[in-house]
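The figures that follow rest on heavy atoms only: side chains count, while hydrogens, waters and symmetry mates do not.
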Amino acid sequence: EEALTNEHLTKQFRNQFDLVNRAIRIGEYLISSGKALQNWPDNIAAEVLKEIAEEGVDQLEKKVYS
């Protein structure tokens with residue numbers, strides 16, 4: 001399994017706090033909406049970061065919030 005690097009993730013954000021805040025909001029939404037139980041693995045935090053790295057945060061938010 002490929003390890004995530006901070007550099008790849010933080011390039012998409014002004015700073016690490018923005019990254020963490022957006023990832024937390026996505027994770028909280030997945031849990032509160034029940035979507036986490038349906039289509040996401042047990043480690044939601046790692047999966048959210050992986051998806052942000054692969055797709056970008058805007059694409060992930062569109063996918064999650066729709």
(message) Can you tell me if N15 has over 12 outside heavy atoms packed within less than 6.0 Å of its CG?
(response) yes
(message) How long is the straight-line distance from CD of E47 back to CD of E54, given to the nearest 0.5 Å?
(response) 7.5 Å
(message) Tell me the closest heavy-atom pair linking A53 and Q12, and the distance in Å.
(response) CA-NE2, 3.9 Å
(message) Let me confirm one number: the CG-CG distance from L49 to N43, rounded to the nearest 0.5 Å.
(response) 9.0 Å
(message) Checking side chain to side chain contact (heavy atoms under 4.5 Å, CB included) between F13 and each of D18, N21, V20, which is the one that passes?
(response) D18
(message) Measuring from atom CG of L19 to atom NZ of K11, what distance do you get when rounded to the nearest 0.5 angstrom?
(response) 14.0 Å
(request) Measure the spacing between OH of Y65 and CG of L30 and express it to the nearest 0.5 Å. (result) 7.5 Å
(request) Check whether I52 and I24 end up in the same hydrophobic cluster, where Ile, Leu, Val, Met, Phe, Trp and Tyr are linked by side-chain heavy atoms less than 4.5 Å apart. (result) no
(request) Tell me, with the steps shown, if R25 and E61 meet salt bridge (charged side-chain N to carboxylate O under 4.0 Å, His left out). (result) CA-CA 10 Å; R25 277 183 275 168; E61 287 178 336; 6.0 Å; no
(message) Give me the atom names and distance for the closest heavy-atom approach of I44 to A36.
(response) CD1-CB, 3.2 Å
(request) Kindly compute the distance separating CH2 (W40) from CD1 (I31), expressed to the nearest 0.5 Å. (result) 11.0 Å
(message) Regarding D58 and R22, does a basic nitrogen lie under 4.0 Å from an acidic carboxylate oxygen?
(response) yes
(message) Working note: E51 + V48, criterion side-chain contact (heavy atoms from CB on, under 4.5 Å); need CA distance, chi angles, decisive distance, verdict.
(response) CA-CA 5 Å; E51 294 282 330; V48 166; 5.8 Å; no
(request) Look up atom CD1 in I26 and atom NZ in K35, then write down how far apart they are to the nearest 0.5 Å. (result) 11.5 Å
